[in-house]
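The structure displayed is predicted, hence computed values, not measured ones. What's counted below: heavy atoms across the whole structure, side chains too, no hydrogens, waters or symmetry copies.
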Amino acid sequence: LKELDGTVIRKWTSTNVPYQLTGVLEAGKKYVLHEAATADGWAYTEDIIFTVSLDGSVDKVIMRDRPTHVKISKTEQTGITGLSGARMEIRNMAGQSVFEWRSDGTPKDIIGVLVAGQDYVLHEETPPDGYAYSEDIRFTVAMDGTVQEIIMKDQPTEVAVSKKAITGEEEIPGTKLRIETVDGVSVYEWISSDEPSVLTGILKANTDYVLVETQPAPGYAYSEAVRFHVSSDGGIDQVEMRDRPTDVRLSKKKITGEEELPGATMQVVDREGNVIDEWISGNTPRELTGVLTAGETYYLREKLPIPGWAYGEEVVFHVSRDGSVDQVVMRDKPTHVEIEKAKSAGGSLAGAHLQLLDSFGKVVREWISDGEREIIIGGLIAGAEYKLVETQAPSGYEVAAPVTFKVAENGEVQVVIMYDRLRTSGGGGEIPKEPEMSIRKVDQNGSGLAGAQITVYRKDGSVLFTGSTGRDGRL
């Protein structure tokens with residue numbers, strides 16, 4: 001209580017009952033009721049000037065306080081739309097929490113809690129999912145109890161994910177990607193395009209995630225998972241994953257040695273039988289970079305071998321997932337045919353004049369038997385038909401009928417025997433007419449069986465023909 005000139009007459013602290021002054025103040029005189037300090041949570045009231053009654057009646061002077069009132073809004077960056085789920089806190093200047101709540105999308109009214117005239121800090125303990133942390137806001141509570149509005153705006157998190165080749169800066173479209181928590185829980189999946197993928201408001205701020213490639217683009221290997229951290233301040237986080245192209249090197253070599261075998265027509269075929277690549281082997285391996293799919297199974301086939309060489313056995317191979325170089329080798333054996341001139345009664349026969357004709361009737365080999373097998377390695381075409389003809393029999397023997405045979409496609413040793421019978425009189429003679437015959441070896445479903453060794457005998461027990469079936473099961 002003060003004089004008009006500011007002289008303090010009386011000080012007290014209010015209680016829950018009125019404060020009485022009896023016989024202290026002069027009748028008819030003016031005084032000032034001043035609030036020197038408010039109760040916590042209440043605003044300061046303006047001074048009240050009053051006059052003491054002349055007649056001694058009781059004067060009632062009432063000073064009314066308003067509570068402090070702070071309205072806090074948590075919004076997205078435009079300041080219009082409220083955000084739910086943020087853990088908010090008001091701290092005093094000593095860093096102690098004086099009020100906490102979780103935002104619900106509407107402004108929070110804090111009434112009668114904060115001390116008028118004091119400074120506080122509005123702090124975001126945890127932002128809503130998909131939003132970054134806001135900077136602290138320092139404010140002073142109004143002295144007069146007017147409503148104060150404070151808006152804290154959050155920016156969404158922003159992560160730019162690039163999928164690139166191991167070299168270069170262009171994006172790789174068509175990759176299936178997934179972001180997981182560090183515990184392996186899927187958060188977001190998408191397919192890459194020719195631009196970086198920007199994830200806005202999807203990931204939590206100040207949190208670690210893992211970028212996983214679930215399926216690479218065609219021709220690329222799987223990349224290792226990339227762990228990254230989403231910043232807390234709302235800045236754009238750059239995450240980059242680089243892929244290696246698949247790299248498969250296909251070699252065509254001899255059964256022995258390491259030199260390439262040029263001239264064979266080769267194919268790479270997928271599981272559905274689609275031809276992915278076809279080429280003629282050269283002096284260096286065939287290199288398929290960025291062509292085959294990582295983790296998939298393929299087949300290396302020989303469509304047509306080099307003359308004098310057998311078909312190589314089909315090679316099954318798997319493309320590495322990590323982009324390492326895959327070496328695939330197919331080895332060929334030369335064709336191997338051994339021709340024996342024998343007596344029908346047993347034993348080798350020397351002195352026979354023999355010719356080997358191809359399917360066009362061209363003589364490809366000619367010799368006189370010497371009692372040993374005629375060994376032809378790499379001289380005949382795999383799968384092709386040849387005819388063994390005796391142009392002149394040894395003295396005392398009949399000229400044998402021609403023997404037709406097909407060269408084995410697998411390079412196995414193939415023995416062809418031509419038998420001569422003793423003549424009843426004379427020596428030598430005309431070439432008998434060749435019997436016509438077609439033979440095919442099949443399985444129970446009617447499909448041709450390759451590699452079967454078949455011998456055809458005459459009625460007298462002598463061998464008319466011997467050979468191996470080709471890929472279609474035919475001799």
Side-chain angles (χ1 to χ4, degrees), residues 70-92 95-110 113-114 120-139 148-164 171 173 175-193 195-215 223-242:
V70 178
K71 186 189 292 285
I72 297 177
S73 295
K74 184 62 179 174
T75 71
E76 40 72 59
Q77 56 189 344
T78 66
I80 298 173
T81 305
L83 294 177
S84 299
R87 283 183 54 205
M88 306 298 296
E89 187 177 75
I90 291 178
R91 297 174 178 175
N92 60 26
Q96 299 168 325
S97 176
V98 296
F99 192 80
E100 296 180 6
W101 76 100
R102 186 178 290 274
S103 66
D104 60 5
T106 62
K108 184 68 174 178
D109 288 297
I110 304 172
V113 175
L114 306 181
Y120 292 91
V121 174
L122 174 61
H123 174 74
E124 185 171 33
E125 185 68 19
T126 305
D129 290 351
Y131 286 86
Y133 287 79
S134 286
E135 292 184 0
D136 290 350
I137 297 176
R138 180 170 173 168
F139 65 96
Q148 291 175 264
E149 293 192 15
I150 300 172
I151 300 176
M152 177 178 274
K153 301 174 183 179
D154 276 2
Q155 287 187 322
T157 57
E158 198 163 3
V159 178
V161 180
S162 286
K163 186 63 178 173
K164 299 178 181 179
E171 297 288 322
T175 303
K176 290 185 178 180
L177 297 167
R178 181 169 65 219
I179 289 179
E180 299 177 351
T181 66
V182 293
D183 299 323
V185 178
S186 177
V187 176
Y188 187 73
E189 295 184 60
W190 76 100
I191 297 175
S192 66
S193 67
E195 296 288 340
S197 302
V198 180
L199 311 184
T200 302
I202 294 174
L203 306 180
K204 294 180 180 179
N206 198 32
T207 303
D208 285 350
Y209 290 93
V210 180
L211 175 61
V212 178
E213 184 171 33
T214 58
Q215 184 178 320
S223 178
E224 292 185 2
V226 176
R227 183 165 176 160
F228 64 96
H229 183 80
V230 180
S231 60
S232 60
D233 61 2
I236 299 177
D237 297 302
Q238 302 287 343
V239 181
E240 187 175 87
M241 176 181 277
R242 290 187 177 267

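Separation of atoms OG1 (T106) and NZ (K71) is listed at 9.0 Å; rounding is to 0.5 Å. Rounding to the nearest 0.5 Å gives a distance of 9.0 Å between CG of L211 and CG of L199. Taking CZ of R91 as the start and CG of D136 as the end, the distance is 6.5 Å to the nearest 0.5 Å. Rounding to the nearest 0.5 Å places CD1 of I137 at 9.0 Å from CD of E135. Interatomic distance, CD of E124 versus CZ of R87, reported as 11.0 Å (0.5 Å rounding). From T181, atom OG1 reaches atom CG of L203 across 11.0 Å, with rounding to the nearest 0.5 Å.
L177 has its side chain out of reach of S197: every pair of non-hydrogen atoms, C-beta onward, lies at least 4.5 Å apart. With a 4.5 Å cut-off on side-chain heavy atoms, K108 and S103 do not count as touching. Side-chain atoms of M88 and F99, non-hydrogen and from C-beta on, never get closer than 4.5 Å to each other. Here the side chains of K163 and S223 are in contact, with some heavy-atom distance below 4.5 Å. The shortest side-chain heavy-atom distance between V70 and Y120 does not fall under the 4.5 Å cut-off. Between S134 and K74, the closest side-chain pair of non-hydrogen atoms falls below 4.5 Å. Within the 4.5 Å cutoff, the side chain of W101 has heavy atoms near those of the I110 side chain. The shortest distance between side-chain heavy atoms of I151 and T75 falls below 4.5 Å.
Nearest heavy-atom pair, E125 versus Y133, reported as atom, atom and distance to 0.1 Å: O-CE2, 3.2 Å. Closest of all the heavy-atom pairs between D129 and K204 is OD1-CE, 3.1 Å. Shown here for M152 and L122, the closest heavy-atom pair between the two residues is CE-O, 3.5 Å. Nearest heavy atom pair, residue A205 against residue S232, reads CB-CA, 4.1 Å. Residues G234 and Q155 share a closest heavy-atom pair of O-OE1, 3.9 Å. The two residues I202 and T157 have their closest heavy-atom pair at N-OG1, 3.9 Å.
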With a cut-off of 3.5 Å and sequence neighbours excluded, list every side-chain donor-acceptor pair involving residues 182-189.
none

Full working for side-chain contact (heavy atoms from CB on, under 4.5 Å) between D237 and F228: CA-CA 9 Å; D237 297 302; F228 64 96; 5.7 Å; no
side-chain contact (heavy atoms from CB on, under 4.5 Å) between T175 and M241, worked out: CA-CA 11 Å; T175 303; M241 176 181 277; 6.0 Å; no
Chi angles and distances behind the side-chain contact (heavy atoms from CB on, under 4.5 Å) call for I90, I72: CA-CA 10 Å; I90 291 178; I72 297 177; 3.6 Å; yes
Stepwise side-chain contact (heavy atoms from CB on, under 4.5 Å) check, S97 with H123: CA-CA 10 Å; S97 176; H123 174 74; over 6 Å; no
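Of the candidates E76, K153, Q77, Y131 forms a side chain to side chain contact (heavy atoms under 4.5 Å, CB included) with just one, namely E76.
No side-chain donor-acceptor contact under 3.5 Å links R102 to the backbone of A86.
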